[in-house]
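So you know, we letter chains A, B, ... as the sequences are listed, proteins then strands, and number each from 1. For clarity, every value in this text was computed on a predicted model and none was experimentally measured.
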2 protein chains.
Amino acid sequence: MTVADDIRAKGMRMTVQRRLVLDALRRARHHITAEEIARSIRASYPQIDPSTVYRNLEALERLGYVTHTHLDDRVTRWRRADSPQHGHLVCRRCGSEEEISMSVLAPLAKRLKGEHGFSADLAHSAVVGLCRECAG
Amino acid sequence: MTVADDIRAKGMRMTVQRRLVLDALRRARHHITAEEIARSIRASYPQIDPSTVYRNLEALERLGYVTHTHLDDRVTRWRRADSPQHGHLVCRRCGSEEEISMSVLAPLAKRLKGEHGFSADLAHSAVVGLCRECAG
DNA sequence: AAGACTATCGCAACTTACCGCAATAGTGTC
DNA sequence: GACACTATTGCGGTAAGTTGCGATAGTCTT
């Protein structure tokens, strides 16, 4: 079952725009912002509206093809859902980002599940704080 | 040393506007958005511009009087720095919010400090996921 | 208390992210 | 392949938040 077939099977349509968003995410190595995706698509296809990119990211997220993460405070970053999950440590002073294994976060997830019945998505938001250098 | 003295000692000024922002945060029971603060101030002092509120929140945060938290994906919530810290669990489906003790998050903070030298501020961002009801 | 210095303010323009709507164009059916 | 159905698009608009700038007003010095 191709992505296109899966999308159609769910009553949605595989449009040029949707394909371009998917491809942009495929090309991106790491997390990428909606604005970057829009810019890279519009470099070749200027008639494609940024709002279309936003809506397609949301649609593809509902289908489970992409997910988003909040690295710093305001920008939403997107990535393909099939790329390996990891956590993020972001320094609030110098802005440095470090990726960490989900196994570091797993004990907390387990505890939240056990004590609160809460299924945490700990890859969704970065952990903010001070890195080794900035903490001094 | 009063707040005003402390602010002056740091080369900043205690203005009417800054005092109003501080008071609004003092009145607020829980986390409050900048927009709510601006609205409550402007109800009595309509000549005070929202941008002034935003800039004062940032200034007061630099001084350590207030901090901000990201509960859901988009809005920034503010609170006085001396109010008790706690973590948040936010359900991405129904939007419910649950406050949890920092002690639940402490083991992770300790591990991030030990393994990565990272001083995590785990009250800064809510943990997103699915609550007991929505997870089924 | 007057004056100088400059942090802060209010305003307006701007940016980013996201809707509402009419027009367009994928899809399944015949 | 033509057609009807409707998901999706591009456009214009909106709301929240941010920034540049000239004017204002705390604060310190004398």
Note to self: So if I take the C1' atoms of five pairs at each end of the helix from dA1(C)-dT30(D) to dC30(C)-dG1(D) and get each local axis, what angle do the two axes make, rounded to 10 degrees?
What the structure shows: 30°
Item checked: Ionic contact status for Glu97(A) with Arg77(A), cut-off 4.0 Å -> yes
Check: Which residues in residues 35-67 of chain B have at least one heavy atom lying under 4.0 Å from any atom of DNA chain C?
Finding: Gln47(B), Ile48(B), Asp49(B), Ser51(B), Thr52(B), Arg55(B), Asn56(B)
Next item on the list: Go through residues 8-33 of chain B and report each residue with a non-hydrogen atom lying under 4.0 Å from DNA chain C, sorted by number.
Entry: Gly11(B), Met12(B), Arg13(B), Thr15(B), Gln17(B), Arg18(B)
Checklist line | Pairs where residues 83-94 of chain A contributes a residue and the test salt bridge (Lys or Arg N to Asp or Glu O under 4.0 Å) is met, not counting sequence neighbours | finding: Arg92(A)-Asp121(B)
Check: Taking only residues at least two apart or on different chains, which pairs with a member in residues 19-32 of chain A satisfy salt bridge (Lys or Arg N to Asp or Glu O under 4.0 Å)?
Finding: Asp23(A)-Arg26(A)
Notebook entry, point to check: Do His70(A) and His70(B) have ring centroids that are under 6.0 Å from one another?
Noted result: no
Notebook entry, point to check: Contact boundaries of DNA chain D with chain B (under 4.0 Å, heavy atoms), 5' to 3'?
Noted result: dG17(D) to dT27(D)
Check: Looking at residues at least two apart in the chain, or sitting in another chain, which of them share a side chain to side chain contact (heavy atoms under 4.5 Å, CB included) with Ser96(A)?
Finding: Cys91(A), Cys94(A), Cys131(A)
Next item on the list: Give me the other members of the hydrophobic cluster that Leu20(A) sits in, counting Ile, Leu, Val, Met, Phe, Trp and Tyr linked by side-chain heavy atoms under 4.5 Å, directly or via other members.
Entry: Val3(A), Ile7(A), Met12(A), Met14(A), Val16(A), Val21(A), Leu22(A), Leu25(A), Ile32(A), Ile37(A), Ile41(A), Tyr45(A), Ile48(A), Val53(A), Leu57(A), Leu60(A), Leu63(A), Tyr65(A), Val66(A), Trp78(A)
Item checked: From CA spacing to verdict: side-chain contact (heavy atoms from CB on, under 4.5 Å), Thr67(A), Arg79(A) -> CA-CA 6 Å; Thr67(A) 58; Arg79(A) 63 177 183 82; 3.5 Å; yes
Margin query: If you apply the rule side-chain contact (heavy atoms from CB on, under 4.5 Å), what do you find for Leu122(A) with Val127(B), and how did you get there?
Written below: CA-CA 7 Å; Leu122(A) 292 170; Val127(B) 174; 3.8 Å; yes
Check: Applying the 4.5 Å side-chain criterion to the ILVMFWY set and letting contacts propagate, would Leu105(B) and Ile100(A) be lumped into a single cluster?
Finding: yes
Check: Are Val128(B) and Leu108(A) connected in a single hydrophobic cluster, I mean Ile/Leu/Val/Met/Phe/Trp/Tyr linked by side-chain heavy atoms less than 4.5 Å apart?
Finding: no
Next item on the list: Would you name the heavy atoms of Pro50(B) and Arg42(B) that are closest together and state the gap between them?
Entry: CD-NH1, 3.4 Å
Note to self: Suppose we screen for salt bridge (Lys or Arg N to Asp or Glu O under 4.0 Å). Which residues come up paired with Asp49(B), at least two apart in sequence or across chains?
What the structure shows: none
Table please: side-chain donor-acceptor pairs of residues 110-118 of chain A below 3.5 Å, with sequence neighbours left out.
unit_1	atom_1	unit_2	atom_2	d
Arg111(A)	NE	Glu115(A)	OE2	2.8
Lys113(A)	NZ	Ser119(A)	OG	2.8
His116(A)	ND1	Glu98(B)	OE2	2.9

Item checked: chain B contact limits on DNA chain C, taken 5' to 3' with a cut-off of 4.0 angstrom to heavy atoms -> dT6(C) to dC18(C)
Margin query: Any heavy-atom pair between the side chains of Thr52(B) and Asn56(B) that's under 4.5 Å?
Written below: yes
Item checked: All pairs passing ring pair (Phe, Tyr, Trp, His ring centres under 6.0 Å) where residues 8-37 of chain A contributes a residue, at least two apart -> His31(A)-His86(A), His31(A)-His88(A)
